[in-house]
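Comments concern the structure below.
Note on naming: letters A, B, ... go to the chains in the order of the sequence lines (proteins, then strands), and numbering restarts at 1 for each one. In what follows, every heavy atom counts, from backbone to side chain, and hydrogens, waters and symmetry copies are set aside.
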Amino acid sequence: AQSVTQPDIHITVSEGASLELRCNYSYGATPYLFWYVQSPGQGLQLLLKYFSGDTLVQGIKGFEAEFKRSQSSFNLRKPSVHWSDAAEYFCAVGAWQAGTALIFGKGTTLSVSS
Amino acid sequence: SQTIHQWPATLVQPVGSPLSLECTVEGTSNPNLYWYRQAAGRGLQLLFYSVGIGQISSEVPQNLSASRPQDRQFILSSKKLLLSDSGFYLCAWRMGDRGTEAFFGQGTRLTVV
């Protein structure tokens with residue numbers, strides 16, 4: 001079955017500290033992987049995506065993610081968290097083929113303490 | 001550039017009333033269109049998707065239906081709302097000729113009272 005697991009429902013990080021949000025996936029085909037961020041009451045904004053090539057991808061707002069095929073993981077990282085990073089983060093997996101939908105994890109809520 | 005519009009932003013409806021949420025995409029043709037529902041702690045649940053006019057795939061049988069009367073218009077409807085229909089509804093689109101990232105609208109907060 002195709003699925004995305006985000007093991008951490010809620011994470012609190014001190015401002016300036018590093019961040020890692022975990023994502024594991026189960027997908028039958030070659031996975032295309034995404035991280036989205038959502039502020040309260042808003043739609044989802046794409047942070048970064050992985051299709052192929054270099055397994056370390058850079059995104060917006062200083063985020064990066066590393067694809068590890070052997071571990072079926074696509075963890076999101078940021079070296080130094082800012083208070084404005086507090087939001088909900090979603091990992092998603094999809095296929096290349098048109099007509100398919102992205103499958104999302106249940107999300108991780110990030111709180112930033114001062 | 002492409003944009004996606006979703007409205008209304010918020011909606012409060014009584015139980016048993018009808019529903020119509022609209023989503024339109026500009027700046028692209030033949031997009032794949034999606035309706036997701038988001039409930040607290042449950043992530044995004046795919047409700048419907050469409051690869052073309054009049055073509056609707058339902059992922060979850062429920063009290064809702066979707067229609068695509070025009071290439072870039074996607075409508076989510078219900079004849080009689082239930083309390084359980086409350087939630088945050090998101091429309092999204094992807095390129096029609098290849099599966100890239102999805103682009104989301106700003107969402108509709110539906111409260112059924």
Result block: side-chain N/O donor-acceptor pairs under 3.5 angstrom for residues 102-113 of chain B, not counting sequence neighbours:
| unit_1 | atom_1 | unit_2 | atom_2 | d |
| --- | --- | --- | --- | --- |
| B:Thr108 | OG1 | B:Gln6 | NE2 | 3.4 |
| B:Thr108 | OG1 | B:Pro8 | O | 2.5 |

**OP:** Please state whether the side chain, the backbone, both or neither of B:Gln38 comes within less than 4.5 Å of a heavy atom of chain A.
**Re:**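 Side chain only.
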**OP:** Using non-hydrogen atoms and a 4.5 Å limit, figure out which bit of B:Leu90 sits close to chain A: side chain, backbone, both or neither.
**Re:**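 Looking at B:Leu90, just its side chain touches chain A.
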Original post:
Considering only heavy atoms, which portion of A:Gln38 lies under 4.5 Å from any heavy atom of chain B: side chain, backbone, both, or neither?
Top reply: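 It is the side chain, since no backbone atom gets that close.
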Look at the side-chain heavy atoms of Ile, Leu, Val, Met, Phe, Trp and Tyr, link any pair under 4.5 Å apart, and say whether [X] and [Y] land in one connected group.
X	Y	result
B:Tyr89	B:Trp7	no
B:Leu81	B:Leu76	yes
B:Tyr49	A:Ile103	no
B:Leu47	B:Ile75	no
B:Leu33	B:Trp35	yes

Original post:
Looking at residues at least two apart in the chain, or sitting in another chain, which of them share a salt bridge (charged side-chain N to carboxylate O under 4.0 Å, His left out) with B:Arg68?
Top reply: B:Asp71
**OP:** Quick one: list whatever passes salt bridge (charged side-chain N to carboxylate O under 4.0 Å, His left out) with A:Lys106, sequence neighbours left out.
**Re:**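 With neighbours one apart ignored, the set is empty.
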Subject >> chain B neighbours within residues 77-94 of chain A, where any heavy atom lies under 4.5 Å away >> reply: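 Within residues 77-94 of chain A, the residues under 4.5 Å from chain B are A:Glu88, A:Phe90.
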Subject >> Over all atoms of both residues, closest heavy-atom pair of A:Ala101 and B:Leu46 >> reply: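 Reported closest heavy-atom pair: CB-CD2, 3.4 Å.
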Original post:
Which heavy atom of A:Leu102 sits nearest a heavy atom of B:Thr100, and at what distance?
Top reply: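 In terms of heavy atoms, the two residues are closest at CD2-O, 4.5 Å.
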**OP:** First locate atom CD of B:Glu101, then atom CG of A:Leu48, and finally report the distance between them rounded to the nearest 0.5 Å.
**Re:** 11.0 Å
Subject >> Any donor-acceptor pair under 3.5 Å from B:Tyr34 side chain to A:Thr100 backbone >> reply: yes
Original post:
What do you reckon, is CD1 of A:Ile9 surrounded by more than 12 foreign heavy atoms closer than 6.0 Å?
Top reply: no
